[in-house]
Number of protein chains: 2
Amino acid sequence: MASIKDVAREAGVSVATVSRVCNDSGVVSDSTRKHVLDIAAKLGYSPHAAARSLITSRTSTLGVLLPDLYGEFFSEVIRGIDRTVQASGYHLLVSRSHGDDREIVAAFRAMRGRVDGLLVMSPDLDARNAVTSLRDHFPVVLLNCPAEQDQHDSIVIANYEGASEAMRHLVDRGHRRIAMITGLARNYDSDERLRAFRDITRQAGIAAPDAIEVGGDFTEASGFRAGQAILDASPRPTAVFAANDSMAIGALSALGAGGLRVPEDISVVGFDDIPMARYMNPPLTTVHVDISTLGVRATERLLEHVRDGNGVTRQRELVPAHLVVRSSSGNPAA
Amino acid sequence: MASIKDVAREAGVSVATVSRVCNDSGVVSDSTRKHVLDIAAKLGYSPHAAARSLITSRTSTLGVLLPDLYGEFFSEVIRGIDRTVQASGYHLLVSRSHGDDREIVAAFRAMRGRVDGLLVMSPDLDARNAVTSLRDHFPVVLLNCPAEQDQHDSIVIANYEGASEAMRHLVDRGHRRIAMITGLARNYDSDERLRAFRDITRQAGIAAPDAIEVGGDFTEASGFRAGQAILDASPRPTAVFAANDSMAIGALSALGAGGLRVPEDISVVGFDDIPMARYMNPPLTTVHVDISTLGVRATERLLEHVRDGNGVTRQRELVPAHLVVRSSSGNPAA
DNA sequence: TTGTATGCGTTATCAC
DNA sequence: GTGATAACGCATACAA
């Protein structure tokens, strides 16, 4: 593979000149510039990224640490991240971690010399310490993580607000027996949405067994199982609030298979508004989140840090979440 | 950030010894090894990836070039890739390209010095030349690309076989008016699935206007629009074969909104078997593809190349695709 | 068993 | 305008 030396020799100039041409730095005469460019093209030369970043101490790469790459939600987040990263001329290094401290620390170490900054998406409540202790090494932006205000730079979904809106919608429609399908245990998003469920039901004077919580893990399969459990519950709820759309869709399927009509017999509300939600049968009432914006904003914030150093203030940014009423929710049966 | 020099100085040894300890190479006495390890831990030292790859000329990173990061299909592919990459101690650099030659070439260049090998997923039929001309720089494995047998290393879905099975299923059930919702134009997957549609309909003696093709682009929205067009078609088809599940789901929605019952009035068959397919209402009959395996196998093949050099033979590998009959397909109405 | 010295490909600081 | 040359952090051949 051709190096800067090859180009210099072939063009009859020094490596310094070739470097200047490639980086538009310093002053080079038009004629030599053109000549060097020609030779470089002929040799198919492209600078060696590792060598360059060794001397400049910049990699032009951003890292992203994800809990798992599953389903449309993450797909959309990555989409937003990728779009922004690419538009800024950066590269994207993705890594998955199960979320525990040890693994996050290991991932951080492995990133050294590979990235200029890191996007961490770890809704696991245990991971905070790892992030805090290692933040000194390079800029970090937290994405949908449980973080104290101003402690870290972070972008989070308005989980509580969105879930509250969804729950109020159900209560306002007259529902008095409501089930919640929760997400993974010790997960920030899930906990916040559950907190709203509890607050709103309490405010409405609804208590167990009229307010029940069924455990899920954000997958369609767990939503399906939860739906089956709700079918068997007595008294049977007239409405279901799922912590995300995938589970709502799984529940929709189980409820339908059990002979219930949605929304006539039972209402179902999800969270996220993944692209597929509106195409469900019936179209899913859900809390809309501009998911890719989550990725876009996080990346923009990280780029600010990477470029402007530590001059950027730390703050917590909220991505709004609003209820979109479609056909899967209605009034409870008389 | 602590470098190897800092560790060496602090430990009172040479950088060579520190290097040997870190890489388990050469022979180091147990006592100094332990000592060096302690100091390294104390200083929070981790080797600088760029510096290391400059001297070893290996990056421990694989690149993946994708057409777009949209929907569950890509999500699953990346999932498979990531799992394999990570299990092998490699990193993953993702990049998106719109698929045209120029952009692919640019992406290749930018990858120089960043990756040891590249996974290219570009179903666009125009991109072949770019890949061929740049393959010399590092190992490349094509993922679901139109490639001549033995010309490149590639993994492809058994598009034609799977689509044929789906079409035969419909014909065997007695359908004589069938619509196909195609994918993006000039897309390999779409073209192969369409080829099966045309072959099977021809073999069954079905011709226009009983065999119609409606244009889509793999999104739910395009499937929805196609579904509306099919509602208005006359004679109206009794079955629909969509080039992927997302479009099938969109069509399901449009057909239902138009008052048609599935499968009583019209059958719908998809392709991919994304996780959500079985939770549709009705559950979607579709061609199952072990999507993440596509990513896993491609990554394994690429790793073979990266590790064993050019000793690995080039070949085309097929990922099987088989029909899964659920409830969205049945016999045509009398 | 350990240390010294060289070079990987690039940019940056000087001279000229 | 251009060319030497020193660094960047590390691995390794060779010397001790």
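Everything quoted here is computed from the prediction, not taken from an experiment. Quick note on labels: first sequence line is chain A, next is B, and so on, each numbered from 1.
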Return the set of residues passing side chain to side chain contact (heavy atoms under 4.5 Å, CB included) with Ala110(A) (not counting sequence neighbours), or none when no residue passes.
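Partners of Ala110(A) by the side chain to side chain contact (heavy atoms under 4.5 Å, CB included) criterion, ordered by chain and then number, come out as His91(B).
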For Ala107(B), give me all partners under side chain to side chain contact (heavy atoms under 4.5 Å, CB included), at least two apart in sequence or on another chain.
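Counting only residues at least two positions away or on another chain, Ala107(B) forms a side chain to side chain contact (heavy atoms under 4.5 Å, CB included) with Leu65(B).
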Decide whether Ser53(B) and Thr56(B) meet the rule of one side-chain donor and one side-chain acceptor closer than 3.5 Å.
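Ser53(B) vs Thr56(B): no donor-acceptor pair found between side chains.
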Does any donor atom in the side chain of Asn187(A) or Ser190(A) lie under 3.5 Å from an acceptor atom in the other side chain?
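Short answer, no.
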Separation of [Y] [atom2] from [X] [atom1] (nearest 0.5 Å):
{"X": "Thr32(B)", "Y": "Lys34(B)", "atom1": "OG1", "atom2": "NZ", "value": "11.5 Å"}
{"X": "Ile78(A)", "Y": "Ile291(A)", "atom1": "CD1", "atom2": "CD1", "value": "12.0 Å"}
{"X": "Tyr45(A)", "Y": "Cys22(A)", "atom1": "OH", "atom2": "SG", "value": "5.0 Å"}
{"X": "Glu103(B)", "Y": "Arg96(B)", "atom1": "CD", "atom2": "CZ", "value": "7.5 Å"}

Under 3.5 Å, which donor-acceptor pairs do the side chains of residues 11-19 of chain A form with other protein atoms, sequence neighbours left out?
from, atom 1, to, atom 2, distance (Å)
Ser14(A), OG, Ala16(A), N, 3.4
Ser14(A), OG, Thr17(A), N, 3.3
Ser14(A), OG, Thr17(A), OG1, 3.4
Ser19(A), OG, Asn23(A), ND2, 3.4

Mind jotting down which residue pairs meet the salt bridge (charged side-chain N to carboxylate O under 4.0 Å, His left out) criterion with at least one end in residues 20-30 of chain B? Sequence neighbours excluded, please.
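The answer is Asp24(B)-Arg33(B).
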Residue pairs fulfilling salt bridge (charged side-chain N to carboxylate O under 4.0 Å, His left out) with at least one residue in residues 37-53 of chain B, sequence neighbours excluded:
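For residues 37-53 of chain B: Glu10(B)-Lys42(B).
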DNA chain D contacts among [range], heavy-atom distance under 4.0 Å:
{"range": "residues 15-31 of chain A", "result": "Ala16(A), Thr17(A), Arg20(A), Val27(A), Val28(A), Ser29(A)"}
{"range": "residues 54-61 of chain A", "result": "Leu54(A), Ile55(A)"}
{"range": "residues 111-118 of chain A", "result": "Arg112(A)"}

Bounds of contact between DNA chain D and chain A, in 5' to 3' order, using a heavy-atom cut-off under 4.0 Å
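Answer, 5' to 3': dG1(D) to dC10(D).
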For Asp189(A), enumerate each residue passing the side chain to side chain donor-acceptor pair (under 3.5 Å) test, keeping only those at least two apart in sequence or located in another chain.
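Side chain to side chain donor-acceptor pair (under 3.5 Å) list for Asp189(A), sorted by chain: Asn144(A), Asn159(A).
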Can you find a heavy atom in the side chain of [X] that is under 4.5 Å from one in the side chain of [Y]?
{"X": "Phe108(A)", "Y": "Val140(A)", "value": "yes"}
{"X": "Val141(A)", "Y": "Val120(A)", "value": "no"}
{"X": "Arg112(B)", "Y": "Pro47(A)", "value": "no"}
{"X": "Leu62(B)", "Y": "Val115(B)", "value": "no"}

Could you tell me whether Asp82(B) and Arg79(B) have a side-chain N and a carboxylate O separated by less than 4.0 Å?
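Looking at Arg79(B) together with Asp82(B), the answer is no, because their closest N to O distance does not fall below 4.0 Å.
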How sharply is the helix from dT1(C)-dA16(D) to dC16(C)-dG1(D) bent, taking the axes over five pairs at either end and rounding to 10 degrees?
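Rounded to the nearest 10 degrees, the bend comes out at 40°.
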Going 5' to 3' along DNA chain C, which nucleotides are the first and last within contact of chain A (any atom under 4.0 Å from a heavy atom)?
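The protein-touched segment is dC8(C) to dA12(C).
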